[in-house]
There are 2 protein chains.
Amino acid sequence: MARILLAEDDAGQAFVLQSYLEHEGHDVRVAGDGLLALAEYRRSPPDLIVLDVMMPGLDGVDLCRLIRSESPVPIIMVTAKTDESDVLAGLDVGADDYVAKPYSPRLLVARIRAALRRSGLDSHLRRYEIGELVVDAERFEAALGGTPVDLTPREFGILAALATGPGRAFTRREILDLAVGFDHYALERTVDMHLFNLRRKIEHDATQPRYVLTVRGRGYKLADE
Amino acid sequence: MARILLAEDDAGQAFVLQSYLEHEGHDVRVAGDGLLALAEYRRSPPDLIVLDVMMPGLDGVDLCRLIRSESPVPIIMVTAKTDESDVLAGLDVGADDYVAKPYSPRLLVARIRAALRRSGLDSHLRRYEIGELVVDAERFEAALGGTPVDLTPREFGILAALATGPGRAFTRREILDLAVGFDHYALERTVDMHLFNLRRKIEHDATQPRYVLTVRGRGYKLADE
DNA sequence: AACCACGATCAAGGCCTGATCAAGAGCCGA
DNA sequence: TCGGCTCTTGATCAGGCCTTGATCGTGGTT
């Protein structure tokens with residue numbers, strides 16, 4: 001769902017949070033101190049960052065200022081101090097939200113969800129049209145020439161995944177990751193099956209597909225017109 | 001009429017304003033400083049916010065920016081400074097209107113009325129009709145074919161949450177967030193139960209729902225026609 | 001032309017999801 | 001404080017969906 005960078009020096013807390021977030025389908029990376037976090041951020045910019053203020057090396061406030069100067073990525077600060085000045089410092093350097101320790105992991109997870117929603121990232125919720133085919137992720141519905149098509153959740157998920165990049169060829173693994181989740185282990189063959197069933201529902205002639213195209217040696221793609 | 005959050009550290013002024021506004025039928029909550037205001041805002045998002053710029057802790061400008069980043073709720077700033085830069089700062093972070101101290105309570109009340117009217121909160125947004133079903137968030141009531149339906153607070157909250165996006169498929173988590181609050185933790189299954197009970201009250205045939213539709217693999221949605 | 005690799009197709013079993021029931025916990029008004 | 005209603009949760013059940021193993025067909029390669 002989203003790639004989250006967790007900068008937290010307390011390994012225990014980090015692990016708990018990581019579990020929660022991964023359970024929600026996020027891709028979580030943990031950095032034990034500020035410098036590692038910065039390196040990780042540079043190596044692969046995440047969709048959201050959770051920063052502990054108190055960290056060895058580079059502390060959260062400085063790190064926040066640094067990152068904020070390069071990117072508008074949502075940053076949530078976590079602090080043990082209840083001191084208001086701490087909150088202010090955090091917001092001052094551009095943090096998007098802040099949570100005081102001790103916090104319940106679920107509260108922080110909720111804040112993260114809210115921040116992601118705000119950043120519009122959890123909304124690959126959009127509407128795609130390819131010829132007669134309409135894929136509406138918001139309504140979780142697909143239609144063909146105005147007529148709703150009855151798809152199973154997996155079929156819809158895979159179709160929506162392909163629809164995020166019409167014309168782009170996805171591997172089966174990419175499709176599984178996008179439609180089912182990173183932590184899901186199914187044979188890649190399964191994707192074939194779903195697309196086979198999907199074709200029976202939306203293709204006029206399954207041997208001559210109009211929408212779901214096979215890319216031999218790679219995977220599948222959605223026609224882009 | 002409307003729920004108004006008043007962030008003002010001067011208890012005297014706050015009291016006067018509160019009296020005026022309540023006299024007009026509004027539901028007013030007062031927060032003495034910025035952090036309290038933020039907490040209160042999160043606990044229960046109001047329909048309009050009046051912010052004093054000068055406040056201990058989190059000041060009005062920062063608070064405004066913070067809130068604006070997550071919601072389009074109308075915000076009116078109040079400041080003692082007559083300085084133009086202050087006005088600009090306020091408008092810059094997304095305030096909808098701006099009133100200089102000292103102001104007459106009547107003037108501020110008038111501005112509030114205007115802002116509410118602009119936001120269309122007068123009536124429309126908080127009332128939704130679909131077929132025989134009417135959901136009126138303003139009155140906290142639902143009716144079926146003109147006959148009031150007796151719903152529990154949760155049932156109504158969930159129905160109203162779904163009504164904010166008719167036709168849109170909500171996950172159980174989203175429904176909980178919207179209807180109960182971000183920091184409330186109930187199992188997602190609970191939503192099923194409420195909707196089950198809700199269906200018994202508003203659906204003619206619960207096995208063939210007309211209003212509350214199940215979106216397998218995702219959650220629920222309200223029919224949009 | 002023959003072989004090989006990959007995708008298409010079929011059938012079946014296990015698993016997951018949502019509906020439903022029952023009961024304990026919590027909250028509010030009397 | 002007590003009683004009643006609401007909220008929440010656990011358990012169960014049925015149906016549909018997901019997954020998989022096997023097999024067939026076809027395109028690509030040598």
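As a basis for the values below, the full set of heavy atoms in this structure was taken, side chains included, without hydrogen atoms, waters or symmetry mates. Numbers restart at 1 for each chain; the letters A, B, ... are given by sequence-line order, proteins then strands.
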**OP:** Would you kindly give the CZ-to-P distance between B/F196 and C/dA22, to the nearest whole Å?
**Re:** 10 Å
Subject >> Spacing of A/R218 atom CZ relative to C/dG7 atom C1', expressed in whole Å >> reply: 16 Å
**OP:** In whole angstrom, give the distance that lies between atom CG of A/D192 and atom C1' of C/dC6.
**Re:** 9 Å
**OP:** Answer yes or no for B/R168 and B/F170: cation-pi contact, defined as NZ/CZ to six-membered ring centre under 6.0 Å and angle to ring axis within 45°.
**Re:** yes
Subject >> Residue mapping more 5' on DNA chain D - nearest nucleotide basis, B/V191 or A/E188 >> reply: B/V191
Original post:
So, is B/Y220 near the phosphate of C/dA19, with a side-chain N or O under 4.0 Å from OP1 or OP2?
Top reply: yes
Original post:
Just how far is it from atom OG1 of A/T171 to atom CZ of A/R218, taken to the nearest 0.5 Å?
Top reply: 5.5 Å
Original post:
Could a donor-acceptor pair under 3.5 angstrom be found where the side chain of B/R216 meets the base of C/dT17?
Top reply: yes
**OP:** Assign each of A/M193 and A/G219 to its nearest nucleotide of DNA chain C by heavy atoms, then name whichever residue's nucleotide is nearer the 5' end.
**Re:** A/G219
Original post:
So, is A/R172 close to the C/dG7 phosphate, meaning a side-chain N or O under 4.0 Å from OP1 or OP2?
Top reply: yes
Subject >> Side-chain N,O (B/T152) to OP1/OP2 (D/dC7) below 4.0 Å >> reply: yes
Subject >> A/K221 atom NZ: more than 12 heavy-atom contacts under 6.0 Å >> reply: no
Subject >> Donor on one side chain, acceptor on other, A/R199 and A/T214, under 3.5 Å >> reply: yes
Original post:
Which nucleotide, D/dT19, C/dA8, C/dT20, lies nearest any side-chain atom of A/R154?
Top reply: D/dT19
Subject >> Sugar-phosphate, base or nothing in reach of B/T190, heavy atoms under 4.0 Å >> reply: base
Subject >> Selected nucleotide, minimal atom distance to B/A186 side chain, candidates D/dT6, D/dT9, D/dT20 >> reply: D/dT9
Subject >> Candidate nucleotides D/dA22, D/dC18, C/dA19, ranked by approach to the side chain of A/R189 - the nearest >> reply: D/dA22
Subject >> Whole-Å gap separating C1' (D/dC5) and NZ (B/K201) >> reply: 10 Å
Original post:
Starting at the 5' end of DNA chain D, which residue's closest nucleotide do you reach first, A/L187 or A/D150?
Top reply: A/D150
Original post:
For C/dA19, does either OP1 or OP2 sit under 4.0 Å from a side-chain N or O belonging to B/R199?
Top reply: yes
**OP:** Send over the distance from B/F156 CZ to D/dC7 C1', rounded to a whole Å.
**Re:** 18 Å
**OP:** Check the distance between C/dA19's C1' and B/D205's CG and give it to me in whole angstrom.
**Re:** 14 Å
Subject >> Between P of C/dC6 and CG of A/L195, the distance in whole Å >> reply: 18 Å
**OP:** Ignoring the backbone of A/T214, work out which of C/dG18, D/dT9, C/dA8 is nearest its side chain.
**Re:** C/dA8
**OP:** For atom CG of A/D150, decide whether the heavy atoms of other residues, nucleotides or ligands shown that lie under 6.0 angstrom number more than 12.
**Re:** no
Subject >> D/dT6 OP1/OP2 closer than 4.0 Å to side-chain N/O of B/H194 >> reply: no
